[in-house]
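Here is the structure we will look at, set down as structure tokens.
In this chain, residues are counted from 1 in sequence order.
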Amino acid sequence: MSHSKRTASGATKGSSTSKRARTTCTDPDCTDGSCPDCADGAIHLDPTVLSLPASELLDLAEHEDRTHSDRSIVTSLYEHALSKCTTPELRSRALLRLAEYVGYADYASQAITEANSDVIKGRARVLRVCLDPNNWVDPDAESSEKVEGLDELDKGLKEIESGLSGTEKDVVLDSVVALMGRVEAHELCAPLCNRLTDTALTVSYAVLGWTDHTDPVDPVDEKDTELAQAASAAAVRWSQSATECSVPGTQIESRLLPVLAYLANQTTNFEACKLRAQIMLVLSGVLDDDDAALRAFDLAVESLLLAHKITPEDMDVVRQLADLDIDTSV
């Protein structure tokens, strides 16, 4: 059996918080039992990393988390960061990050107890609800129409919304990504998925200035663009769960008008075209007006064809077009 004993070491661009996790053994598939880096198969962090202050170690853990580094390394970084945190602010932040990363409700409960931040408390409450298997889809049973822990969910989502009011864009983006992470981690029941994605849309709209449904404000910087993309992804999942929750088609369309107006202008962006197509396909099946439903379907096909033109090798788009009996050879 090969061992992948890894360390985090080596600064890049002169910043201690941008140290990257990497293997110290030159062979990542090393099977030499005498190799000091691979003999026990454990995770060892470089001493220079372990000597970092708690805040920098936590920053590093979050960076490795965002860049999808080795899970064992990220977990170890979060655990070491938590062990060094002494202030309630840092401890609650580390507890939440570790809880969200490994899916451990006890850490979330500790974060709620120690946090002063509404956002941290809210995200921890939401996590506990999402980790309840009663809120997961059971393929062998009827879909649940209620959320277990609804009061805690309500409190958590309110704390997130109030805590994010007036905060920096990157903080809002981080929470939107976290909410979507909960949606993706488990197949949640439709009412819970709908509540999470609705909150993601609400806080995104507020920051992006998407209050005028017919003329949304275009993103002005990289963070705006990232948030607009995250909101668009949330919109797809919201539309799907809203359909399962029997929300009327006109209400679904109205809620998503700012996203649709944004996506309509992203005709050279592959992901944006795919997201628009998914929303339009949902609308084509829920709008009562036949002409509106047909227009939505035509726009879905148009967006899929644009996506195919940008990235013709994407098999997901190819399969969707084939399912719709659309010829891509023309």
Side-chain angles (χ1 to χ4, degrees), residues 3-25 28 36-128 130-131 156 159-160 163-164 167-179 181-182 185:
H3 297 295
S4 57
K5 179 174 179 178
R6 307 179 192 275
T7 68
S9 63
T12 60
K13 298 185 179 179
S15 169
S16 62
T17 58
S18 63
K19 293 179 175 69
R20 300 302 305 274
R22 62 177 179 84
T23 58
T24 52
C25 177
D37 282 333
C38 301
D40 60 8
I43 298 298
H44 290 264
L45 299 177
D46 190 282
T48 59
V49 171
L50 293 177
S51 67
L52 290 172
S55 60
E56 292 189 21
L57 192 55
L58 185 52
D59 286 343
L60 174 59
E62 291 171 344
H63 171 80
E64 297 297 328
D65 188 348
R66 288 192 299 271
T67 54
H68 307 293
S69 293
D70 185 289
R71 284 194 64 83
S72 298
I73 291 176
V74 176
T75 301
S76 186
L77 285 169
Y78 276 134
E79 289 173 341
H80 280 283
L82 176 59
S83 71
K84 299 183 76 170
C85 292
T86 57
T87 65
E89 178 184 6
L90 278 180
R91 272 192 56 81
S92 59
R93 176 180 152 202
L95 282 165
L96 174 67
R97 291 296 192 183
L98 187 54
E100 290 180 332
Y101 192 71
V102 302
Y104 190 45
D106 284 355
Y107 286 146
S109 298
Q110 291 180 57
I112 294 170
T113 300
E114 299 187 27
N116 294 317
S117 162
D118 279 349
V119 174
I120 289 178
K121 288 182 179 180
R123 280 171 53 172
R125 293 188 204 281
V126 168
L127 176 61
R128 291 202 304 190
C130 292
L131 290 176
E159 286 172 329
I160 291 172
L164 291 177
T167 57
E168 298 85 352
K169 293 175 187 176
D170 57 346
V171 177
V172 176
L173 175 61
D174 182 68
S175 289
V176 170
V177 170
L179 287 170
R182 301 275 49 88

State whether the number of non-hydrogen atoms from other residues, nucleotides or ligands found under 6.0 Å of Tyr104 atom OH is greater than 12.
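It does not: Tyr104 OH has 12 such atoms or fewer within range.
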Restricting to salt bridge (charged side-chain N to carboxylate O under 4.0 Å, His left out), what partner residues turn up for Arg97, sequence neighbours left out?
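Once residues adjacent in sequence are excluded, the partners of Arg97 under the salt bridge (charged side-chain N to carboxylate O under 4.0 Å, His left out) criterion are Glu62, Asp174.
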Specify the closest pair of heavy atoms between [X] and [Y], including all atoms of both residues, with the distance to one decimal.
{"X": "Leu45", "Y": "His80", "answer": "CD1-CD2, 3.4 Å"}
{"X": "Gly156", "Y": "Val126", "answer": "C-CG2, 4.2 Å"}
{"X": "Val74", "Y": "Ala61", "answer": "CG1-O, 4.1 Å"}
{"X": "Gly163", "Y": "Val119", "answer": "C-CG2, 3.5 Å"}

Give, for atom [atom1] of [X] and atom [atom2] of [Y], the distance between the pair rounded to the nearest 0.5 Å.
{"X": "Leu60", "Y": "Ser55", "atom1": "CG", "atom2": "OG", "result": "11.5 Å"}
{"X": "Arg123", "Y": "Ile160", "atom1": "CZ", "atom2": "CD1", "result": "7.5 Å"}
{"X": "Cys85", "Y": "Leu58", "atom1": "SG", "atom2": "CG", "result": "5.5 Å"}
{"X": "Thr113", "Y": "Lys121", "atom1": "OG1", "atom2": "NZ", "result": "9.0 Å"}
{"X": "Glu89", "Y": "Ile120", "atom1": "CD", "atom2": "CD1", "result": "7.5 Å"}
{"X": "Ser76", "Y": "Glu64", "atom1": "OG", "atom2": "CD", "result": "11.5 Å"}

Suppose we screen for side chain to side chain donor-acceptor pair (under 3.5 Å). Which residues come up paired with Ser83, at least two apart in sequence or across chains?
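None.
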Of all residues at least two apart in sequence or in a different chain, which pass the side-chain contact (heavy atoms from CB on, under 4.5 Å) check with [X]?
{"X": "Ala124", "value": "Leu96, Ala108, Ala111, Ile112"}
{"X": "Val177", "value": "Leu173"}
{"X": "Glu79", "value": "Thr75, Leu98"}

Would you say [X]'s side chain and [Y]'s backbone share a donor-acceptor pair under 3.5 angstrom?
{"X": "Lys84", "Y": "Leu50", "answer": "yes"}
{"X": "Arg71", "Y": "Tyr101", "answer": "yes"}
{"X": "Ser51", "Y": "Thr48", "answer": "yes"}

Is there a side-chain contact between [X] and [Y], using heavy atoms and a 4.5 Å cut-off?
{"X": "Leu52", "Y": "Asp59", "value": "no"}
{"X": "Val172", "Y": "Val176", "value": "yes"}
{"X": "Tyr78", "Y": "Asp65", "value": "yes"}

All pairs passing salt bridge (charged side-chain N to carboxylate O under 4.0 Å, His left out) where residues 104-119 contributes a residue, at least two apart:
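As it turns out, the salt bridge (charged side-chain N to carboxylate O under 4.0 Å, His left out) pairs with a partner in residues 104-119, which skip direct neighbours, are Arg91-Glu114.
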